[in-house]
> 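Below: one structure in structure tokens.
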Amino acid sequence: MASAPKIVFYFDNASAFSYIGFEFMEQYKQLWDIQVDYRPFELTKVMEKAQNNFSPYKLPYLFADLRRTSQITKIPFKGTPPKYPYDSSTALRTLHYLKTNHPELMSQAMRRLWRMEYVDRRAPESVDDVKDALKGLVDEDIVDKAVNLNDTLNAVNDNTREVQKMRGFGAPTILVFRANESKPQMFFGSDRFEHIAIYLDKEFYPMKQLFANAKL
């Protein structure tokens with residue numbers, strides 16, 4: 001039986017480019033009719049192993065780039081929380097729990113957590129923060145369950161090791177499987193969708209066109 005193309009999207013909530021890449025991925029997921037597997041991982045551990053240290057000269061440019069992307073696409077972005085980076089483990093473990101037990105809610109939960117961070121400029125670090133971000137979407141006890149299960153911790157650690165093993169160095173890290181091929185191609189960053197489109201022989205859309213009628 002022929003296998004369909006698939007994308008594995010590794011992300012960290014504490015990564016602004018994971019947020020932007022997620023919104024692009026959500027658009028292309030529908031347009032390309034492709035399966036996307038979202039996997040939370042710990043970016044700091046990957047960067048440490050890869051010896052990937054940000055230059056202080058680079059950071060202002062990165063955030064200026066984020067604001068430009070926001071202006072073009074209308075993806076909401078007002079800046080980072082006062083505490084940044086922060087410990088995203090509670091958010092990551094909660095998202096893995098939802099992926100396993102309530103997969104239909106995962107994308108909505110990812111978006112809510114990122115909106116708290118980059119629109120409300122509040123880091124979803126504590127259990128109470130994550131509960132506030134997901135209020136009305138999931139029951140509060142889901143967050144408690146997520147942070148008390150070894151399975152969620154192990155899954156995030158496994159995802160982190162997967163990215164390290166493939167020599168990843170940042171977020172988002174995107175693995176793309178073509179139809180009937182078992183060996184994927186790795187892409188890095190939120191601005192690689194033209195490359196991915198060519199690799200999959202899919203249509204690419206300039207960002208203004210892609211988000212012209214998007215519901216964000």
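All residue numbers in this chain count up from 1 along the given sequence. Because the structure is a prediction, the values reported are computed rather than measured.
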> Salt bridge check, Asp132 against Arg122: does any charged N sit closer than 4.0 Å to a carboxylate O?
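Looking at Asp132 together with Arg122, the answer is yes, because their closest N to O distance falls below 4.0 Å.
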> Should Tyr84 and Tyr57 be regarded as members of a common hydrophobic cluster, given that ILVMFWY residues are connected when their side-chain heavy atoms come within less than 4.5 Å of each other, either directly or indirectly?
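No, it is not one cluster - the side chains of Tyr84 and Tyr57 are not joined through contacts under 4.5 Å.
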> Using 4.0 Å as the upper bound for N to carboxylate O, is an ion pair formed by Asp201 and Arg178?
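Looking at Asp201 together with Arg178, the answer is no, because their closest N to O distance does not fall below 4.0 Å.
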> Distance only, no hydrogens: is a donor on one side chain within 3.5 Å (strictly under) of an acceptor on the other, for Ser89 and Asp87?
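There is such a pair between these side chains.
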> Given 3.5 Å as the limit, does a donor-acceptor pair link the side chain of Thr152 with the main chain of Ala146, or not?
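Side chain of Thr152 to backbone of Ala146, a donor-acceptor pair under 3.5 Å: yes, one is there.
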> Ignoring hydrogens and geometry, is there a side-chain-to-backbone donor-acceptor pair from Asn13 to Ser88 under 3.5 Å?
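Looks like no, no N/O pair under 3.5 Å.
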> Is it true that atom CZ of Arg167 has more than 12 heavy atoms of other residues, nucleotides or ligands lying nearer than 6.0 Å?
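For Arg167, atom CZ is not crowded (no more than 12 foreign heavy atoms under 6.0 Å).
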> Please examine the side chains of Tyr10 and Met166, heavy atoms only from C-beta on, and report whether any two atoms are closer than 4.5 Å.
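Yes, at least one pair of side-chain atoms sits under 4.5 Å.
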> Rounded to the nearest 0.5 Å, what's the gap from NE2 on His195 to CG on Leu200? Could you check?
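Between atom NE2 of His195 and atom CG of Leu200 there are 13.0 Å.
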> Sort out for me which residue in Glu48, Lys49, Glu42 forms a side-chain contact (heavy atoms from CB on, under 4.5 Å) with Gln164.
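With Gln164 as partner, side-chain contact (heavy atoms from CB on, under 4.5 Å) holds for just one option, Lys49.
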> Nearest 0.5 Å, please: how far is NE2 in His102 from CG in Asp139?
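Rounded to the nearest 0.5 Å, the CG-NE2 separation comes out at 7.5 Å.
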> May I ask you to decide if Asp144's main-chain N or O and Asn148's side chain share a donor-acceptor pair within less than 3.5 Å?
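Side chain of Asn148 to backbone of Asp144, a donor-acceptor pair under 3.5 Å: yes, one is there.
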> Can you tell if the side chain of Leu113 reaches within under 4.5 Å of the side chain of Met116, non-hydrogen atoms only?
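A side-chain contact under 4.5 Å is absent here.
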> Quick check: do Arg39 and Glu162 have side-chain heavy atoms less than 4.5 Å from each other?
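Arg39 reaches Glu162 side chain to side chain.
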> Please check if the distance between the ring centroids of Phe211 and Phe24 is under 6.0 Å.
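Distance test on ring centres: under 6.0 Å, yes.
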> Which of these, Phe17, Phe11, Phe77, sits in a ring-ring contact (aromatic ring centres under 6.0 Å, His included) with Trp114?
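When Phe17, Phe11, Phe77 are each tested with Trp114, the ring-ring contact (aromatic ring centres under 6.0 Å, His included) holds only for Phe11.
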> To the nearest 0.5 Å, what is the distance between CG on Leu149 and CG on Asn154?
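Interatomic distance, Leu149 CG to Asn154 CG, rounded to 0.5 Å: 10.0 Å.
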> Hydrophobic clustering (ILVMFWY, side-chain heavy atoms < 4.5 Å, transitive) - are Val127 and Met110 grouped together?
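Same cluster.
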> Roughly how far apart are Gln185 CD and Leu175 CG, rounded to 0.5 Å?
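Gln185 CD to Leu175 CG: 9.0 Å, rounded to 0.5 Å.
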> Grab the two heavy atoms, one from Leu95 and one from Met106, that are nearest each other, plus how far apart they are.
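Heavy atoms of Leu95 and Met106 come nearest at O-CE, 4.0 Å.
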> Between Lys99 and Asp37, does at least one N-O distance fall below 4.0 Å, as a salt bridge requires?
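Answer for the salt bridge query: yes.
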> For a quick check under 3.5 Å, do Arg115 and Tyr19 share a side-chain donor-acceptor pair by atom type?
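Yes, side-chain donor-acceptor contact under 3.5 Å.
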> Kindly say whether Val147 contributes a backbone atom to a donor-acceptor pair with the side chain of Arg93 at under 3.5 angstrom?
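Yes.
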> Could you tell me if the side chain of Leu92 sits less than 4.5 Å from the side chain of Phe41, heavy atoms only?
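A side-chain contact is absent here, since even the closest heavy-atom pair is not under 4.5 Å.
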> For Pro40 and His96, which heavy atoms make the closest approach, and how far apart are they?
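Nearest heavy atoms, Pro40 then His96: CG-CB, 4.2 Å.
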> Verify the neighbour count for atom CG of Asp141: are there more than 12 heavy atoms of other residues, nucleotides or ligands below 6.0 Å?
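Yes, because the 6.0 Å sphere around CG of Asp141 holds more than 12 heavy atoms from other groups.
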> Is it the case that the side chain of Tyr118 and the backbone of Ala16 share a donor-acceptor pair, with hydrogens and angles ignored and the cut-off at 3.5 Å?
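Side chain of Tyr118 to backbone of Ala16, a donor-acceptor pair under 3.5 Å: yes, one is there.
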> Just wondering, are more than 12 heavy atoms of other shown residues or ligands nearer than 6.0 Å to CD in Glu104?
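Enclosed.
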> Find the distance between CZ (Arg161) and CG (Asp158) and round it off to the nearest 0.5 Å.
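The distance works out to 4.5 Å.
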> Would you check if the side chain of Ser70 reaches a backbone N or O of Leu66 as a donor-acceptor pair within less than 3.5 Å?
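Pair absent, no side-chain N/O of Ser70 close to backbone of Leu66.
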> Given the rule in the side chain to side chain contact (heavy atoms under 4.5 Å, CB included) test, do Leu105 and Val138 qualify, once you have shown the distances and angles that lead to the verdict?
CA-CA 8 Å; Leu105 299 178; Val138 303; 3.8 Å; yes
> Are Tyr199 and Phe187, when compared by the centres of their aromatic rings, separated by less than 6.0 Å?
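Ring centres of Phe187 and Tyr199 closer than 6.0 Å.
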> Using the side-chain hydrogen bond (donor to acceptor under 3.5 Å, both in side chains) rule, take Glu117 and Tyr86 through it: C-alpha gap first, then chi angles, then the decisive distance, then the call.
CA-CA 10 Å; Glu117 183 174 354; Tyr86 65 94; 2.8 Å; yes
> Hey, could you give me the CG/CG distance between Asp12 and Asn159, rounded to the nearest 0.5 Å?
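Answer rounded to 0.5 Å: 11.0 Å.
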> Within the structure provided, determine whether Met25 and Ile7 are in side-chain contact (heavy-atom separation under 4.5 Å).
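With C-beta onward as the side chain, the pair touches.
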> Please name the pair of heavy atoms, one in Thr94 and one in Thr90, separated by the smallest distance, quoted to 0.1 Å.
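Minimum heavy-atom separation between Thr94 and Thr90: OG1-O, 2.8 Å.
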> Which heavy atom of Trp32 sits nearest to which heavy atom of Phe193, and what is that distance?
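What the structure gives for the nearest pair is CH2-O, 4.0 Å.
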> Kindly write out the residues that satisfy salt bridge (Lys or Arg N to Asp or Glu O under 4.0 Å) with Lys29, not counting sequence neighbours, or none if the list is empty.
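Lys29 satisfies salt bridge (Lys or Arg N to Asp or Glu O under 4.0 Å) with Glu26 only.
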> Can any side-chain N or O of Arg112 pair as donor or acceptor with the backbone N or O of Lys135 at less than 3.5 Å?
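A pair under 3.5 Å: yes.
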> Mind checking whether Leu210 and Ile198 sit in one hydrophobic cluster, side chains of I, L, V, M, F, W, Y counted as touching below 4.5 Å?
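In one cluster with Leu210: Ile198, no.
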> For Phe9, which of Phe22, Tyr38, Tyr28 qualifies under ring-ring contact (aromatic ring centres under 6.0 Å, His included)?
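Single pass found, and it is Tyr38.
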> Any side-chain donor-acceptor pair under 3.5 Å between Thr160 and Asn157?
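On atom types as modelled, these side chains do not qualify, holding no pair under 3.5 Å.
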> Looking only at heavy atoms, what is the nearest atom pair of Ala123 and Asp129, with distance?
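Where Ala123 meets Asp129 most closely, the heavy atoms are O-OD2, 3.2 Å.
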> Which heavy-atom pair separates Leu31 from Tyr205 by the least distance, and what is that distance?
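Heavy-atom minimum between the residues: CD1-CE1, 3.7 Å.
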